[in-house]
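Computation of the quantities below employed the complete heavy-atom set of this structure, encompassing side-chain atoms and omitting hydrogens, waters and symmetry-equivalent molecules. In what follows, chains carry the letters A, B, and so on, assigned in the order in which the sequence lines appear, proteins first and then strands, with residues in each chain numbered from 1.
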There are 2 protein chains.
Amino acid sequence: MLERIHLAIVREVDRQGSLTAAANVLCLSQSALSHTVKKLEHQLGIDIWLREGRSLKLTQAGEYLLGVANRVLPQLAYAEERMREYAKGERGTLRIGMECHPCYQWLLKVVSPYLANWPDVDVDVKQKFQFGGIAALFGYEIDLLVTPDPLYRPGLRFEAVFDYEQVLVVGRKHPLAVTSYVKPEQLADEILIAYPVAIDRLDIYNQFLMPAGIMPKRHKVIETTDIMLQMVASGRGVAALPRWLVEEYARKVEITPVRLGAKGISKQIFLGVREADLDIDYLSAFIGQARQPFSTTDKDTEQRS
Amino acid sequence: MLERIHLAIVREVDRQGSLTAAANVLCLSQSALSHTVKKLEHQLGIDIWLREGRSLKLTQAGEYLLGVANRVLPQLAYAEERMREYAKGERGTLRIGMECHPCYQWLLKVVSPYLANWPDVDVDVKQKFQFGGIAALFGYEIDLLVTPDPLYRPGLRFEAVFDYEQVLVVGRKHPLAVTSYVKPEQLADEILIAYPVAIDRLDIYNQFLMPAGIMPKRHKVIETTDIMLQMVASGRGVAALPRWLVEEYARKVEITPVRLGAKGISKQIFLGVREADLDIDYLSAFIGQARQPFSTTDKDTEQRS
DNA sequence: ATAATTGATTACTTTTTCTCATGGATTGCA
DNA sequence: TGCAATCCATGAGAAAAAGTAATCAATTAT
């Protein structure tokens, strides 16, 4: 039988590079590991490592086991963590995953009052998912998914918690800054600055430019909002961001929001959770808190649509 | 520590409804389960079941553990299944290394029927090796080497799987197109197009031009076969390729093969494997499949020598 | 009532796991 | 090149863990 210790050994030998070093980390003798490994290989009927000289190298089967270890061991570790919390009557860790950049800005505003109300709850924010946020939610990598794209699946529950308008940001001296709204054609000669994500996931493309068959003169990728907006302010290009975010930055940077199309692009942020988790009080409390327009000390922010 | 058996117990007690019944399914005595459960609850510091009369009811922590069990146990079971497949040689990744361009063309023909026969085997093709293909084979970077240059070493086994003739390719209107074979001197005024590899590894040089002390007017390097042959077709140069490959392309492109020298240059493709791997059946199956002239839907291809 | 079933407990046995000591092999360094 | 250090494998025995049998007390079904 494949036991936890076997996975731990595979992972640790890989991390440490040798059986001896792994043994120390695992608080076992080198001999114990050697015996255990031998026995496991015998039971499975296949080698996990190739013995090359005095070092070990994973076989294909070993590589696979390493993958299993890296997936399963964290689940067990988290389960134990959770059990400890149950035992102490404590609250747990709320692991929040995010799939969009504006989500992050929004989250920052929701998290701080939440942390004040739930001092015993830790919040972890993750942003990278190998197989997407939904998979991470199903795989118990995260407990809460913040996303603009809800995907209704059995076992999951999504709820819209925030409406906002996606607008074009231009420098204050930009010709478009004075127009009441912008048409797709008007972007044909612009440099469009965006976050590094697939183009078909950017609203300004799939809801605005693409339907009109227009492409900007150039597409430029920038990681951070601050730099992005400084580029916009200096007239190096335009970008698309949530209106509330733009208005907040507009105090510090020379930028102006402009509506995208006559009707504007309206967006929502959704929270996704596993149905089974809905009775975890600190989790449902987060959703409840997120549902209300966030209380803020920023007057500007209240102008959002 | 939370072990596999603990999760199995939680799941089985839930399924069977009682400790005693679960014990039977798990091939353990009721006493053993009772002990194990007691110990686990003590270690975790929290009850997993509420004892109500003579029956058990999951606590909140227990419910959570049950969820973990239902998620994690199947992963382990699947991993074991996979390991069994690895052990039986039914599954694996066949990492194929290649050292020549014609090898690649040939490989394409062998791989597709193989993949159909071995749906659980992945094929990886690598073409760059820091210390050469043989070293990659020894170093377990690859499992199979496709090469025109066998190198017999202890621990390795090479086998010729394919004979072909290396010919000159010229455009159909080229003066040489009508000759029955070409002499080295006749290439002295030609532009010779070749893949980007060291000149001394090109057969047309080391078996044909160099022995005669002749060099072409110019040596031109091109990456891809398609472009290379279009250049040849348009009269911009000549190239050296396997006859079967030329004949296949001759349907689409205006090119003709011409024998190199009166006797022609005959070549072989070899497969190299580690002797220790010969009993891996999906690997030996590949060699077996490669050994036979590839079955093809291309009639042209059967004309190869 | 009473017979049957369930989980808990104790004492004991068996199995598994771990360590120690040691050896052979490889590698790095003087 | 030769020596020291390091690595993994192995056998024997100690320590720990997990298992069983027998029995008890409590609950449930008839």
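In terms of modelled atom types and a separation under 3.5 Å, the side chain of A:Gln60 and the main chain of B:Gly92 share no donor-acceptor contact. When atom types are taken as modelled, the side chain of A:Glu99 and the backbone of A:Ile134 share no donor-acceptor pair closer than 3.5 angstrom.
For C:dC20, the OP1/OP2 oxygens have no side-chain nitrogen or oxygen of A:Ser29 closer than 4.0 Å. Residue A:Lys39 places at least one side-chain N or O closer than 4.0 Å to OP1 or OP2 of C:dT17.
Taking a 4.0 Å limit (strictly below) on heavy-atom distances, residues 59-67 of chain A does not reach DNA chain D anywhere.
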Could you list, one pair per line, each protein nitrogen or oxygen that sits under 3.5 Å from a nitrogen or oxygen of nucleotides 5-10 of chain D, together with the distance?
| residue | atom | partner | partner atom | Å |
| --- | --- | --- | --- | --- |
| D:dT6 | O2 | A:Arg54 | NH1 | 2.5 |
| D:dC7 | O3' | A:Arg54 | O | 3.1 |
| D:dC8 | OP1 | A:Leu19 | N | 2.8 |
| D:dC8 | OP2 | A:Leu19 | N | 3.4 |
| D:dC8 | OP2 | A:Thr20 | N | 2.9 |
| D:dC8 | OP2 | A:Thr20 | OG1 | 2.5 |
| D:dA9 | OP1 | A:Arg51 | NE | 2.6 |
| D:dA9 | OP1 | A:Arg51 | NH2 | 3.2 |
| D:dA9 | OP2 | A:Ser34 | OG | 3.0 |
| D:dA9 | N7 | A:Gln30 | NE2 | 3.0 |
| D:dA9 | N6 | A:Gln30 | OE1 | 3.2 |
| D:dT10 | OP2 | A:Lys38 | NZ | 2.6 |
| D:dT10 | O4 | A:Ser31 | OG | 3.1 |

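With sequence neighbours left out, A:Glu81 forms a salt bridge (charged side-chain N to carboxylate O under 4.0 Å, His left out) with A:Arg84.
Residue contacts shown for A:Leu33 are absent, as no nucleic acid heavy atom lies under 4.0 Å away.
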Distance-only donor-acceptor hits, side chain of residues 22-39 of chain A, under 3.5 Å, sequence neighbours excluded:
| residue | atom | partner | partner atom | Å |
| --- | --- | --- | --- | --- |
| A:Ser29 | OG | A:Ala32 | N | 3.0 |
| A:Thr36 | OG1 | A:Ala32 | O | 2.7 |

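Over its length, the helix from C:dA1-D:dT30 to C:dA30-D:dT1 turns its helix axis by 30°, as judged from the five terminal pairs at each end, rounded to 10°.
Contacts classified as side chain to side chain donor-acceptor pair (under 3.5 Å) and involving residues 152-162 of chain B (residues at least two apart or in different chains) are given here: B:Arg157-B:Glu275, B:Glu159-B:Arg291.
Between A:Tyr64 and B:Tyr86, the ring planes lie tilted relative to each other; the angle falls in the 30° to 60° range.
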